[in-house]
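Below is one structure, written out as structure tokens; comments come after it.
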Amino acid sequence: MLKEINRLFAEETLNQLSIESICMETSVWINEIPYISWIGRFTNGLDIVDPNYVSYDFEVDAVSGKIIRCQRFHSYQKGKDYSSISWTDEEILEQAGKWIETYDLTFGEELDWTNAELINVTEDVPSMMKELEEGSFTSLGNIVVFPKNGKWYFYISIDFETGRLESYLWPGTSASDEILM
């Protein structure tokens with residue numbers, strides 16, 4: 001997993017990471033087929049309110065070894081004004097395409113760009129600012145979801161503040177139940 005984190009976030013120093021959690025999880029997909037995965041989190045050990053805090057969550061298929069989810073989290077900072085940041089739908093799709101191509105996140109799978117669903121969180125920034133003033137720390141990403149056969153097939157999230165890749169996910173996993181529902 002560290003190889004994948006290093007591939008996606010090569011500009012970051014990973015030598016300060018430690019394992020916060022790792023466990024095997026069994027879940028049942030909607031089609032009632034049992035599914036086993038390894039899920040976990042690496043963190044740099046700083047307090048979540050520290051501007052340098054970072055963690056990486058992951059999920060790996062326990063049978064195939066396929067990385068199903070990789071997510072970078074950093075906390076937004078109290079007192080910093082994020083209200084001047086905005087994204088157009090076209091910019092989000094362009095960023096998603098850039099990261100998908102740069103890191104070959106689909107491993108050769110074709111995506112249906114014409115039916116992609118877009119979640120632009122620009123409108124959510126005022127409520128995020130309120131949460132930050134109340135001491136909550138959050139992650140905020142613009143999301144593009146690609147369907148296949150009427151179901152969500154691939155998901156990519158772009159960090160609202162930086163435009164960097166925040167996460168990718170192959171739905172149908174235990175993580176997708178939490179994130180996508």
Side-chain angles (χ1 to χ4, degrees), residues 1 4-12 14 39 41-42 48 51-60 66-134 136-181:
M1 194 59 227
E4 180 70 350
I5 292 169
N6 191 51
R7 181 177 82 93
L8 301 177
F9 309 104
E11 69 282 356
E12 297 185 16
L14 301 181
I39 58 171
R41 173 177 288 161
F42 295 108
I48 195 166
N52 297 312
Y53 172 85
V54 67
S55 68
Y56 303 90
D57 290 4
F58 63 89
E59 182 168 1
V60 178
K66 179 180 178 181
I67 298 169
I68 296 182
R69 173 175 55 107
C70 186
Q71 178 176 9
R72 179 187 184 275
F73 174 81
H74 73 96
S75 57
Y76 284 76
Q77 298 299 305
K78 185 175 184 175
K80 189 171 179 181
D81 185 10
Y82 298 97
S83 62
S84 64
I85 301 170
S86 66
W87 290 84
T88 65
D89 291 353
E90 293 77 22
E91 290 171 328
I92 295 167
L93 290 170
E94 185 178 316
Q95 267 316 87
K98 172 186 164 184
W99 296 128
I100 289 168
E101 183 178 325
T102 299
Y103 297 114
D104 188 25
L105 296 179
T106 61
F107 308 102
E109 297 280 338
E110 290 294 319
L111 297 176
D112 181 0
W113 285 88
T114 56
N115 291 311
E117 295 178 39
L118 185 66
I119 301 168
N120 185 335
V121 295
T122 298
E123 294 175 7
D124 296 335
V125 173
S127 65
M128 182 193 86
M129 296 299 295
K130 183 179 177 192
E131 286 179 30
L132 285 174
E133 290 308 313
E134 293 170 356
S136 301
F137 293 86
T138 187
S139 179
L140 194 62
N142 291 311
I143 299 167
V144 182
V145 180
F146 297 90
K148 186 174 185 177
N149 300 325
K151 295 182 181 178
W152 286 16
Y153 179 67
F154 179 76
Y155 157 113
I156 183 170
S157 179
I158 309 302
D159 184 271
F160 179 78
E161 177 185 15
T162 64
R164 293 172 56 186
L165 173 67
E166 182 177 75
S167 66
Y168 70 86
L169 171 70
W170 292 91
T173 66
S174 57
S176 67
D177 294 340
E178 294 173 25
I179 296 170
L180 304 177
M181 299 299 174

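Quick caveat, the model's predicted, so the values are computed rather than measured.
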**Straight-line distance of Ile143 CD1 to Ile92 CD1, nearest 0.5 Å** = 9.5 Å

**Request:** Report yes if the distance between the aromatic ring centroids of Tyr155 and Trp170 is under 6.0 Å, otherwise no.
**Result:** no

**Item:** Value rounded to 0.5 Å, distance of CD1 in Ile156 from CZ in Phe146
**Value:** 7.0 Å

**Message:** With rounding to the nearest 0.5 angstrom, report the CD to CD distance, Glu90 to Gln95.
**Reply:** 13.5 Å

**Item:** Check: Met128 and Tyr76 side chains under 4.5 Å, non-hydrogen atoms
**Value:** yes

**Item:** Exercise: identify the closest heavy-atom pair between Cys70 and Glu4
**Value:** SG-CG, 4.3 Å

**Item:** Heavy-atom side-chain contact between Tyr168 and Ile100 under 4.5 Å
**Value:** no

**Item:** Check: Ile158 and Val144 side chains under 4.5 Å, non-hydrogen atoms
**Value:** no

**Message:** If you define the side chain from C-beta out and look only at heavy atoms, does anything of Phe160 sit under 4.5 Å from Val125?
**Reply:** yes

**Item:** Side-chain heavy-atom pair Arg72, Val54 within 4.5 angstrom cut-off
**Value:** yes

**Asked** Roughly how far, to the nearest 0.5 Å, is CG of Asp57 from OG of Ser167?
**Response** 9.5 Å

**Asked** Can you find a pair of side-chain heavy atoms, one from Leu111 and one from Tyr153, that are under 4.5 Å apart?
**Response** yes

**Item:** Point-to-point distance, once rounded to the nearest 0.5 Å, from CG of Leu140 to CD of Glu161
**Value:** 10.0 Å

**Message:** Nearest 0.5 angstrom please: Arg164 CZ to Leu8 CG, how far?
**Reply:** 10.5 Å

**Request:** Find out whether Ile39 and Arg69 are in side-chain contact, i.e. whether some heavy atom of one side chain is under 4.5 Å from a heavy atom of the other.
**Result:** yes

**Request:** Say whether, by atom type as modelled, one donor and one acceptor occur between the side chain of Ser157 and the main chain of Glu166 under 3.5 angstrom.
**Result:** no

**Prompt:** Does the side chain of Tyr56 reach to within under 4.5 Å of the side chain of Phe73, using non-hydrogen atoms?
**Reply:** no

**Asked** Do Thr122 side-chain atoms and Trp87 backbone N/O form a donor-acceptor pair below 3.5 Å?
**Response** yes

**Item:** Flag, side chain of Arg7 to backbone of Tyr103, donor-acceptor distance under 3.5 Å
**Value:** yes

**Item:** Asn142 side-chain N/O to Val121 backbone N/O, donor-acceptor pair under 3.5 Å
**Value:** yes

**Asked** Hey, does the side chain of Glu109 reach the backbone of Thr106 with a donor-acceptor pair shorter than 3.5 angstrom?
**Response** no

**Prompt:** Quick check: are there more than 12 heavy atoms from other residues, nucleotides or ligands sitting under 6.0 Å from CD of Glu117?
**Reply:** yes

